[in-house]
S.K.: 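I have a structure here, written as structure tokens, and I will follow up with some questions on it.
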Amino acid sequence: MTPRRKRGRRTAAKAWTYKKGEPPNTMTAFERTDRGRVIEVRWWVGHLKRFQRRSLGFSIRDEREVIIEELEHEAVRQTQAMYDALMAGREPKIAEDDSNAPLALEVGFDLATRVPEGLYVVETEHVREMRRAARDIVRAIGTGPGGHPRTWDGLSYSIVRQLWLRLARRFAETGKGGPAWTERCVVILLQVAQWLAVEERIDRAVAVRRTWREQMRREWEQLTSTRISRTAPRHSEDEIRRIFASLDHPNVDPRIALAVELGAEARLGQVIRLMRRQLDLSSSGAFGLGRMVVHGAGKKLGVTRDLTPEEREAIDGALSGYLKHLEEAYEVGLREDYPIFPSGRLKYDVPPSRWPKRGRPEHADEQPTRRAKPTVSDRPIGKRGLLDLFHRLEEIAGVESMPGRGWYGIRRKAADLYEDYETDERVLNDQTGHRSSETRREVYQEKERETIRAKSAETRRRVRAAAFGRQSKASGSNDSEAPPETPSEETETDFSYPTSYPRPAQSGDQAGLVKESKSNYGSHLRKSGRPDLNRRPPEPHSGALPDCATSRTGPPYGRNSHAKRIRKLPRAQPAVNRPIPPLPPPDRPRNT
């Protein structure tokens, strides 16, 4: 006789509960599974030594026993209202509909951060940051002077100022937060107020001054006795070399290695959104190796790049490496698309504990491979996860991690160096993904580069010696040298160009002769990308037409007078009287 098969039992959904407050003043809302899952609230009554119960009269589930989010929020709201009445010494009663009542700060932040009905339709790291800021804002200015909840319609500029003052005092006492976080909280408060006014949840948005940032920073420094310094740390060229040299290290996550290879100079936050369909691996692009297209978001431009041979090699290695299972499913049509930088932890094909010893000759050069699971979601890795992987890459490369730098240290350094190799503004803006050159120069480029400071010091020394008569007293300088000639002492010739534009720079060799400036066509030297806003017009030559700066009818130089001319050397160098080879005799007009 065969054993009787047990019939499967369908388990009921877990009962929903919500608690508010601490014992013995805890308000608990729960489902009564024996009464059609109606929500009931109970609390402890001390003098009666028993629980008091009150039914809300509705259930929060549909016919499929799935929780309805709107009904769940309503049950939480009524439970909180009953708890507030209990703590105020009143009899807890079922809260009535207060849709027309003034909107409290906590409720407004809950509406704004609710996905997808709120400010954003997708759960992102930015939404979670808004929730963290909302908690600090409610703790700081959530209640008024009388202890009642503060409403959005009652906000004013003085309350906004009170927010950053309290956050500054908290930083001075506990060290939590900072000027950047305080400014972020104020921005989020104003942003949510503007959204609630547009959605007609409140009557008006809070009005602030245009100079509130300057006032906040000034008062922050006065309260905390600390100086607010906005620094943009960047990697050095040697550190970037070590980072790129460590991309092939076996302990480096292949996702951060590919992300740095594809978009180290761009925004990695945009590059990590790259999907497989956005990779064009056909014979297109500058090198005929394809291109990658990452769409923009908001004010940020998208990323469109022609793949270089190194980038194409990195992509091919990823498609046959950690993306192998996803690529196989994509090619056979099991997946319509997949992220190039998937979230989650990569899995080893063979666990390292079961990998054969490396001492064996057949496994001398092999390494265990980490791959993404073929069932991974279409959600890419987050910025925080990618930042942790980048710090791990810095550790392997021997680069010390610096707070506030991250991968933007490479991006900022690229904005400094690319102008030394390229002059086209369109290419420079496309490389960093900026709409205008002003944003790239004012925000990303270093204000005080070492090379610029060095040139400024040399220029300051020349100007002081030439115009102000400041003698050089530094070590290694020759005090017997004659001071440089001023422009007024230069010998004027008929070849001088009568204009207010600066003269072209002249250079002298060791023999003391002056080299004429020559145009260098097709020069391979590094040039600056900054356009000259005071370009000098071309200088006329000796054979110019009449009515020009140099006339044909000018008195020609004789041999003796030309041989006696003295040419001045550049400043801080003595003049040398050397005869100049005579010029050939001028052509005499023929008698007709």
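Source: prediction; values computed, not measured.
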S.K.: Donor-acceptor pair, distance only, cut-off 3.5 Å: does the side chain of Ser246 make one with the backbone of His249?
M.R.: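 Not confirmed, Ser246 side chain does not pair with His249 backbone.
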
S.K.: Does a donor on one side chain and an acceptor on the other come within less than 3.5 Å for Ser236 and Asp238?
M.R.: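 No donor-acceptor contact under 3.5 Å links the two side chains.
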
S.K.: Thinking salt bridges, do Arg461 and Glu458 make one under a 4.0 Å N-O criterion?
M.R.: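 Judged by the 4.0 Å cut-off on N to carboxylate O distance, Arg461 and Glu458 do not form a salt bridge.
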
S.K.: Taking 4.0 angstrom as the limit, do Glu123 and Arg131 come out as a salt bridge?
M.R.: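 Salt bridge flag = yes for Arg131 with Glu123.
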
S.K.: Can we say Glu125 and Arg132 salt-bridge, meaning some charged N sits less than 4.0 Å from an Asp/Glu carboxylate O?
M.R.: yes

S.K.: Identify which one of Arg217, Glu219, Arg213 satisfies the side-chain hydrogen bond (donor to acceptor under 3.5 Å, both in side chains) criterion when paired with Gln215.
M.R.: Glu219

S.K.: If the threshold is 4.0 Å, N to carboxylate O, is there a salt bridge linking Arg234 and Asp416?
M.R.: yes

S.K.: Answer yes or no: is there an ion pair linking Arg291 with Asp306, defined by an N-O contact shorter than 4.0 Å?
M.R.: yes

S.K.: Just by distance, do the side chain of Arg371 and the backbone of Leu346 share a donor-acceptor pair under 3.5 Å?
M.R.: no

S.K.: Using atom types as modelled and distance alone, determine if a side-chain donor or acceptor of Arg166 lies under 3.5 Å from a backbone N or O of Ala140.
M.R.: yes

S.K.: Is a side-chain donor or acceptor of Arg184 paired with a backbone partner of Ala133 at a separation under 3.5 angstrom?
M.R.: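 Judged by distance alone, no pair lies under 3.5 Å.
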
S.K.: Using ring pair (Phe, Tyr, Trp, His ring centres under 6.0 Å), reason through Phe171 and Trp220 one step at a time and then give a plain yes or no.
M.R.: CA-CA 10 Å; Phe171 175 78; Trp220 174 276; 5.2 Å; yes

S.K.: Walk me through whether His235 and Glu394 qualify under side chain to side chain donor-acceptor pair (under 3.5 Å).
M.R.: CA-CA 11 Å; His235 293 85; Glu394 286 183 321; 2.7 Å; yes

S.K.: Can you see whether Tyr418 engages Glu265 through a side-chain donor-acceptor pair at a distance of less than 3.5 angstrom?
M.R.: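 Side chains of Tyr418 and Glu265: pair found under 3.5 Å.
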
S.K.: Between Asp136 and Arg170, is there a salt bridge with N-O shorter than 4.0 Å?
M.R.: yes

